[in-house]
Amino acid sequence: VQLQASGGGLVRAGGSLRLSCVVSGSGITVGTMRWYRQAPGERREQVAAITRGGSINYADSVKGRFTISRDSAKNMVYLQMDSLLPEDTGVYYCNAEVAVPRGWGSTSSGQYWGQGTLVTVSS
């Protein structure tokens, strides 16, 4: 299983970015998908999550500015980030719960991480 995130960059405060993440692997089933971020010197925090059924939750700090969505057919998750603030700066990681077939009808599930994409918001 591999997760590949993209879309980070440098943007001025008030601007927008759209992050994408694709989950790849043979025969996998992707459950809840999440975005985390980690600012310099800070702990990694969850920003947004979306279940396979479409239930969504956001961190209070991004409510009304960020929108998470997914395309389950493509195993992709997106994070539309609007009205960006300097405090949104950090490395953004995608995370997914993935069921992997193990043969004989069995699967094993785990959480997998992407490599991170850097978002820098200048004031």
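Throughout, residue positions are numbered sequentially from 1 according to the sequence presented.
- Ring geometry for Y92 against F66 counts as tilted: the plane angle lies between 30° and 60°, on a 0 to 90° scale.
- Note on L17 and L118: separate hydrophobic clusters, where clusters join Ile, Leu, Val, Met, Phe, Trp and Tyr whose side-chain heavy atoms are under 4.5 Å apart, directly or indirectly.
- Applying the side-chain hydrogen bond (donor to acceptor under 3.5 Å, both in side chains) rule to pairs touching residues 12-28 yields S16-D82, sequence neighbours excluded.
- Of all heavy-atom pairs spanning L79 and A48, the tightest one is CD1-CB, 4.2 Å.
- Apart from Y78 itself, the hydrophobic cluster it occupies contains V22, M76, where clustering links Ile, Leu, Val, Met, Phe, Trp and Tyr at side-chain heavy-atom distances under 4.5 Å.
- Residue pairs satisfying the salt bridge (charged side-chain N to carboxylate O under 4.0 Å, His left out) criterion with at least one member in residues 52-61, sequence neighbours excluded, are listed as follows: D60-K63.
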Is there a side chain to side chain contact (heavy atoms under 4.5 Å, CB included) between M81 and W35? Walk through the geometry before answering. CA-CA 12 Å; M81 305 186 294; W35 286 99; over 6 Å; no
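- Among all heavy-atom pairs drawn from V23 and A96, the shortest one is CG2-CB, 4.1 Å.
- Applying the salt bridge (charged side-chain N to carboxylate O under 4.0 Å, His left out) test to every pair with at least one member in residues 106-123, sequence neighbours left out, gives no pairs at all.
- Residues near L85 contribute nothing to a hydrophobic cluster around it, because no ILVMFWY side-chain heavy atom sits closer than 4.5 Å to its side chain.
- Here the shortest heavy-atom pairing between Q115 and A5 reads NE2-O, 2.9 Å.
- In terms of heavy atoms, V119 sits closest to G8 at CG2-CA, 4.1 Å.
- Residue pairs meeting the salt bridge (charged side-chain N to carboxylate O under 4.0 Å, His left out) criterion with at least one member in residues 95-110, sequence neighbours excluded, are R34-E97.
- Listed for the S72 side chain is no donor-acceptor partner under 3.5 Å among the backbone atoms of N75.
- Residues passing the side chain to side chain contact (heavy atoms under 4.5 Å, CB included) test with A13, sequence neighbours excluded: P86, V121.
- Separation of atoms SG (C21) and CD (Q2) is listed at 11.0 Å; rounding is to 0.5 Å.
- R70 pairs by the salt bridge (charged side-chain N to carboxylate O under 4.0 Å, His left out) definition with nothing, not counting sequence neighbours.
- The hydrophobic clustering, which links ILVMFWY residues whose side-chain heavy atoms are closer than 4.5 Å, places W113 and L3 apart.
- The side-chain heavy atoms of Q46 and N57, taken from C-beta on, include a pair separated by under 4.5 Å.
- Looking at every heavy atom in both residues, Q38 comes nearest to E42 through NE2-O, 3.1 Å.
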Do T107 and T29 pass the side chain to side chain contact (heavy atoms under 4.5 Å, CB included) test, and can you show the C-alpha distance, the side-chain angles, and the key distance before you say yes or no? CA-CA 10 Å; T107 60; T29 300; over 6 Å; no
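- Under the 4.5 Å side-chain heavy-atom criterion for Ile, Leu, Val, Met, Phe, Trp and Tyr, Y93 and L19 are members of distinct hydrophobic clusters.
- Partners of R43 under the side-chain hydrogen bond (donor to acceptor under 3.5 Å, both in side chains) rule, at least two apart in sequence or in another chain, do not exist in this structure.
- With sequence neighbours left out, R65 forms a side-chain hydrogen bond (donor to acceptor under 3.5 Å, both in side chains) with D88.
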Show your reasoning for whether side chain to side chain contact (heavy atoms under 4.5 Å, CB included) applies to Y112 and I28. CA-CA 12 Å; Y112 295 83; I28 59 173; over 6 Å; no
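- Residues satisfying the side-chain hydrogen bond (donor to acceptor under 3.5 Å, both in side chains) test with S61, not counting sequence neighbours, are R37.
- Under the rule for a side-chain hydrogen bond (donor to acceptor under 3.5 Å, both in side chains), S109 has no partner lying at least two apart in sequence or in another chain.
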I would like to know whether V30 and V77 meet side chain to side chain contact (heavy atoms under 4.5 Å, CB included); could you show each step before the answer? CA-CA 10 Å; V30 181; V77 63; over 6 Å; no
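- Two residues are said to be in side-chain contact when any heavy atoms from C-beta on lie closer than 4.5 Å; Y36 and N95 meet this criterion.
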